[in-house]
Structures are given as C-alpha cells and as structure tokens.
Asker: 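Supplied in structure tokens, the structure appears directly below.
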Amino acid sequence: MPELPEVETTCQGIAPHVTGQTIQTVIVREARMRWPVSPEIEDLSKETILSVSRRAKYILLTFESGTLLIHLGMSGSLRVIDPAADLRKHDHVLITLSNGLELRYHDPRRFGCLLWTSESPHLHPLIQHLGPEPLSEDFTAETLKTAAQKKKTTIKQLIMDGKVVVGVGNIYACEALFQAGIHPKRKAAAISLTRLDTLTNEIKAVLARSIKQGGTTLRDFLREDGTAGYFKQQLAVYDREGEACLSCDTPIKRVVLGQRSTFFCPKCQK
DNA sequence: AAAACTACCTGAGTGC
DNA sequence: TGCACTCAGGTAGTTT
C-alpha cells in the first residue's frame, strides 16, 4: 500500500485531526519494528503536534522538542480513530489526542519505524542523503542524466534509487516507464535527454494522478479500508502479466529486475 | 565505487 | 484441512 501517494494522502488525511492537538497518552504495544520504537515517544504526553509533513516516504510529526519520523514500510498504515474502537492484531502504537481521537499505527510485517529525533529531521541519517522529491522542481531530466552517467544500471533501478529521486516505488516505476514508452531493462546511461525528460514528466504525472485519487478516498480514511482496489483499476501494466496492453493489445510481460517484479509492454516500451 | 545480494516479518495465495 | 512453498507496496546493511 504505502507508495508515495498513499503516504501523502495519509499526511493530508491525518493533518486536520492531529495538527494543534496535545498528546494525552502514548501506548507502545509492540516496539519491535525495523528499528525499535524510540522510547522517547512514550514521554510525549502534554506535547503539542505543531505540524504534519512528509519527506520521501517518511511522515514527520513536528513537536517543540523534536520530530517523530514515521515510515510505513511495506504494510503499515496510520489511522485516526475513536479510541473505543476494537484493537486489531498488529495495532502497535496508540496515541490519544486532546480532541478525543486516537492516532493508531498498524503494521503486520513490522518493516516500518517510529523514530524520535530532537534535531532537524533533515539531518537525520535516514533522511539527509536522500535525493530530490519527485514532484519538486529539483527533479528534472538533468537529475536523471547526471545520476546515470558512468553507471551500468537499468533505468528502472535508477528511478527506484532513493539517492537519485525519492518516492518512486515498484508500482509507479513500472507505470511511469510504460507511459514514457521506455523498456525497464534499458541501460540508463544510454537514454537521450529528450526521453529522460518525458520520463520525469510521466513520473510526476502518475504520482500526481494517484495523489488526486487518494484525495477522493481521503474523506473516508477513517474507515477500516476502502482504498485497496482503487489504484489498481488505473494501473496500465503493474500486476497485469499476460493481460492485454491497454494501448496495443500485446500481452503484458513480467521480468525480475533487482529482485522485484517488473511489468511492461514489449511492443510499446523500447 | 558500484552492483548484487541478504535481511527484517506476516499473511495471502497456490499446489499437492 | 493441512502442509510446504512462493510472493508482496521498502530499504538499510553487507558482500562481491
């Protein structure tokens, strides 16, 4: 679930309910995440959430005394919910707020993290070496051109490298390459600036489109689920092995690239 | 230095 | 029904 559009819609979804609220209680039911949940967060009662923001796939909750970095990993989710709602398996961290609502972190695979930093989050080791945001003006064809130089890597692996550009996960890497008509296995260094320009535009477009769709499900983010199948309808290649290309009817192919399933149209993508 | 591989973890799905 | 196996949206850390 959590690719960049989901992280962004989670931020937008929780922000109005948590911004300006004071924390009442924090319960860590399971601290074993990718890294142990920072013990400091259990001391956050009476602290006020000043803002909610996002850097790459990290959600940043800013307090006067520091910042809580939240990553959803592969299976995490963050909901604003009535504290009386039944606890589900894998509801690991519960944060109650002064408005009577509760922020609940749920993550079956525990690949996510909740880390406290009292310094600027942008200096945090997990964040400071990250590349530009894909939707910012700092991400351009030149970004990719420079990153590709002297590398043997494929274009798909390049755009999924967080040091090059953040937030492009497996699904959207496949989708953007399809929209740009570029074969995922093509050597990044051999692609013209013109085609890289098309690709950067398609990455921005597909992410923006998904965020917009996330926006439509934003209103009912309090519900148990609801977004699950929604993006899926819009996907042109991801998880469509053997199905007809929406553009030319050729069966979509699947290959493995960097241990990740990669879907593409062998006719439309060169 | 860069590329390839491993590891973390649970749950859903498949085939026998 | 149950067991064994594969695969999944991420990414840091280790090895080649």
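Keep in mind it's a predicted model, so treat the numbers as computed, not measured. Chain letters run A, B, ... following the sequence lines, proteins first and then strands; every chain starts at 1.
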Asker: How many Å lie between CD1 on Ile171(A) and C1' on dA8(C), as a whole number?
Answerer: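 About 10 Å, once rounded to whole Å.
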Asker: Is there a residue in residues 114-133 of chain A whose heavy atoms reach under 4.0 Å of DNA chain B, and which residues are they?
Answerer: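 Nothing qualifies; none.
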Asker: Does a sphere of radius 6.0 Å around CD in Glu137(A) hold more than 12 heavy atoms from other residues, nucleotides or ligands, not counting ones at 6.0 Å or beyond?
Answerer: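 No, CD of Glu137(A) has 12 or fewer neighbouring heavy atoms, counting only those of other groups under 6.0 Å.
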Asker: The criterion is side chain to side chain donor-acceptor pair (under 3.5 Å); which residues satisfy it with Ser136(A), sequence neighbours excluded?
Answerer: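 In terms of side chain to side chain donor-acceptor pair (under 3.5 Å), with neighbours along the sequence ignored, Ser136(A) is linked to no residue.
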Asker: Using a cut-off of less than 4.0 Å, is there contact between a side-chain N or O of Arg260(A) and OP1 or OP2 of dG9(C)?
Answerer: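 For dG9(C), OP1/OP2 do have a side-chain N/O of Arg260(A) under 4.0 Å.
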Asker: Donor-acceptor pairs under 3.5 Å, side chain of residues 114-125 of chain A to any protein atom, not counting sequence neighbours: which ones?
Answerer:
from: Thr117(A); atom 1: OG1; to: Glu119(A); atom 2: N; distance (Å): 3.2
from: Ser120(A); atom 1: OG; to: His122(A); atom 2: N; distance (Å): 3.3
from: His124(A); atom 1: ND1; to: Leu126(A); atom 2: N; distance (Å): 3.0

Asker: Record whether the side chain of Arg110(A) comes under 3.5 Å of the base of dC9(B) through a donor-acceptor pair of N or O atoms.
Answerer: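 Per atom types, no contact qualifies.
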Asker: To the nearest angstrom, how far is Arg254(A) atom CZ from dT6(C) atom P?
Answerer: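 So the two atoms are 13 Å apart, to the nearest Å.
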Asker: His71(A) has an atom NE2; how far is it from atom C1' of dA12(C), in whole Å?
Answerer: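 The answer, rounded to whole Å, is 11 Å.
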Asker: Name the nucleic acid region contacted by Lys152(A), choosing base, sugar-phosphate or nothing; use a 4.0 angstrom heavy-atom cut-off, strictly under.
Answerer: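 Touches sugar-phosphate only.
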Asker: Determine the interatomic distance between P on dT6(C) and the same-named atom on dT6(B); round to the nearest Å.
Answerer: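 Nearest-Å result for dT6(C) against dT6(B) at atom P: 14 Å.
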Asker: Specify the separation, in whole Å, of atom CD1 of Ile70(A) and atom C1' of dG10(C).
Answerer: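 Atom CD1 in Ile70(A) sits about 16 Å away from atom C1' in dG10(C).
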Asker: Can you run down the salt bridge (Lys or Arg N to Asp or Glu O under 4.0 Å) pairs that involve residues 38-55 of chain A, sequence neighbours left out, and say none if there aren't any?
Answerer: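 The answer is Glu8(A)-Arg54(A), Arg54(A)-Glu133(A), Arg55(A)-Glu133(A).
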Asker: Considering only residues two or more places apart or on different chains, which pairs with a residue in residues 64-87 of chain A satisfy ring-ring contact (aromatic ring centres under 6.0 Å, His included)?
Answerer: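 Checked against ring-ring contact (aromatic ring centres under 6.0 Å, His included) - neighbours excluded - the pairs reaching residues 64-87 of chain A are Tyr58(A)-His71(A).
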Asker: Should Tyr58(A) be listed as having a side-chain N or O under 4.0 Å from OP1 or OP2 of dG10(C)?
Answerer: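 Looking at the OP1 and OP2 atoms of dG10(C), neither is under 4.0 Å from any side-chain N or O of Tyr58(A).
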Asker: May I ask whether Phe111(A) stacks on the base of dC8(B), given the cut-offs of 5.5 Å between ring centres and 30° between planes?
Answerer: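 Taking the rule of under 5.5 Å and under 30°, the ring of Phe111(A) does stack on dC8(B).
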Asker: According to a 4.5 Å side-chain heavy-atom criterion applied to Ile, Leu, Val, Met, Phe, Trp and Tyr, with indirect links allowed, do Leu196(A) and Ile182(A) form part of one hydrophobic cluster?
Answerer: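 Yes, Leu196(A) connects to Ile182(A) through the hydrophobic network.
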Asker: Is it the case that the side chains of Gln21(A) and Ser98(A) hold a donor-acceptor pair, with the cut-off being a distance below 3.5 Å and no angle test?
Answerer: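 The answer is yes; a qualifying pair exists.
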Asker: For the pair made of NE2 in His92(A) and C1' in dC9(B), what is the distance, rounded to whole Å?
Answerer: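 The distance from NE2 of His92(A) to C1' of dC9(B) comes to 9 Å, rounded to the nearest Å.
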Asker: Hey, can you pull the residues of residues 33-41 of chain A with a non-hydrogen atom under 4.0 angstrom from DNA chain C?
Answerer: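 Per residue number, the list reads Arg34(A), Trp35(A).
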Asker: Could you go over nucleotides 11-14 of chain B and give all protein N or O partners under 3.5 Å, atom names and distances?
Answerer:
from: dG11(B); atom 1: OP1; to: Lys89(A); atom 2: NZ; distance (Å): 3.4
from: dG11(B); atom 1: OP1; to: His90(A); atom 2: NE2; distance (Å): 2.6

Asker: With nearest nucleotide decided by heavy atoms, which residue, Lys151(A) or Gln259(A), maps closer to the 5′ end of DNA chain B?
Answerer: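 Its nucleotide being nearer the 5' end, the pick is Lys151(A).
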Asker: Any ion pair linking Arg88(A) and Asp91(A) (charged N to carboxylate O, less than 4.0 Å)?
Answerer: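 A salt bridge is present here (some side-chain N lies under 4.0 Å from a carboxylate O).
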Asker: Determine which pairs satisfy side chain to side chain donor-acceptor pair (under 3.5 Å) with at least one residue from residues 192-206 of chain A, sequence neighbours left out, and list them in order.
Answerer: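 Residue pairs passing side chain to side chain donor-acceptor pair (under 3.5 Å), neighbours aside: none found.
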Asker: Just how far is it from atom CG of Leu69(A) to atom CG of Leu61(A), taken to the nearest 0.5 Å?
Answerer: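 Interatomic distance, Leu69(A) CG to Leu61(A) CG, rounded to 0.5 Å: 9.0 Å.
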Asker: Please report the distance separating the C1' of dT11(C) from the corresponding atom of dA12(B), rounded so that it comes out in whole Å.
Answerer: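 Comparing C1' positions in dT11(C) and dA12(B) gives a spacing of 23 Å.
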Asker: Within the structure, does a side-chain N or O atom of Lys150(A) lie under 4.0 Å from either OP1 or OP2 of dA1(B)?
Answerer: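 For dA1(B), OP1/OP2 do not have a side-chain N/O of Lys150(A) under 4.0 Å.
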Asker: Kindly state each residue pair satisfying salt bridge (Lys or Arg N to Asp or Glu O under 4.0 Å) with at least one member in residues 180-191 of chain A, sequence neighbours excluded.
Answerer: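 Checked against salt bridge (Lys or Arg N to Asp or Glu O under 4.0 Å) - neighbours excluded - no pair reaches residues 180-191 of chain A.
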Asker: Whole angstroms only, please: what is the CZ-P distance between Arg109(A) and dT10(B)?
Answerer: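 Whole-Å distance recorded here is 10 Å.
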Asker: Using atom CZ of Arg32(A) as one end and atom C1' of dC9(B) as the other, report the distance to the nearest whole Å.
Answerer: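 In whole Å, dC9(B) C1' and Arg32(A) CZ are 10 Å from each other.
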Asker: Show me the donor-acceptor pairs, under 3.5 Å and distance only, between side chains in residues 153-160 of chain A and residues at least two apart or in other chains.
Answerer:
from: Thr154(A); atom 1: OG1; to: Gln157(A); atom 2: N; distance (Å): 3.3
from: Thr154(A); atom 1: OG1; to: Gln157(A); atom 2: OE1; distance (Å): 2.9
from: Lys156(A); atom 1: NZ; to: Asn170(A); atom 2: OD1; distance (Å): 2.5
from: Lys156(A); atom 1: NZ; to: Thr262(A); atom 2: OG1; distance (Å): 2.9

Asker: Any luck finding a side-chain donor-acceptor pair between Thr22(A) and Thr48(A) under 3.5 Å?
Answerer: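 Result is yes, a qualifying pair exists.
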Asker: Quick one: are Phe178(A) and Cys245(A) in side-chain contact, heavy atoms under 4.5 Å?
Answerer: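 Touching, per the 4.5 Å side-chain cut-off.
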Asker: Anything below 3.5 Å on both distances counts as a pair; with that, list the stems of at least three consecutive Watson-Crick or G-U pairs involving DNA chain B.
Answerer: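 Stems for DNA chain B, defined as runs of 3 or more consecutive pairs: B:2-8 with C:10-16, B:10-16 with C:2-8.
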Asker: Rounding to an integer number of Å, can you tell me how far Asp161(A) CG sits from dA3(B) P?
Answerer: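 Nearest whole value for this atom pair: 9 Å.
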Asker: Look at the side-chain N and O atoms of Ser261(A) and state whether any lies under 4.0 Å from the OP1 or OP2 oxygen of dA8(C).
Answerer: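 Ser261(A) to dA8(C) OP1/OP2: side-chain N or O found under 4.0 Å.
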Asker: Please measure how far the P atom in dC7(C) lies from the corresponding atom in dC5(B), and state the result in whole Å.
Answerer: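 So the two P atoms sit 15 Å from each other.
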Asker: Would you list the pairs meeting salt bridge (Lys or Arg N to Asp or Glu O under 4.0 Å) in which at least one residue belongs to residues 169-178 of chain A, sequence neighbours left out?
Answerer: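 Sorted result for residues 169-178 of chain A: empty, none.
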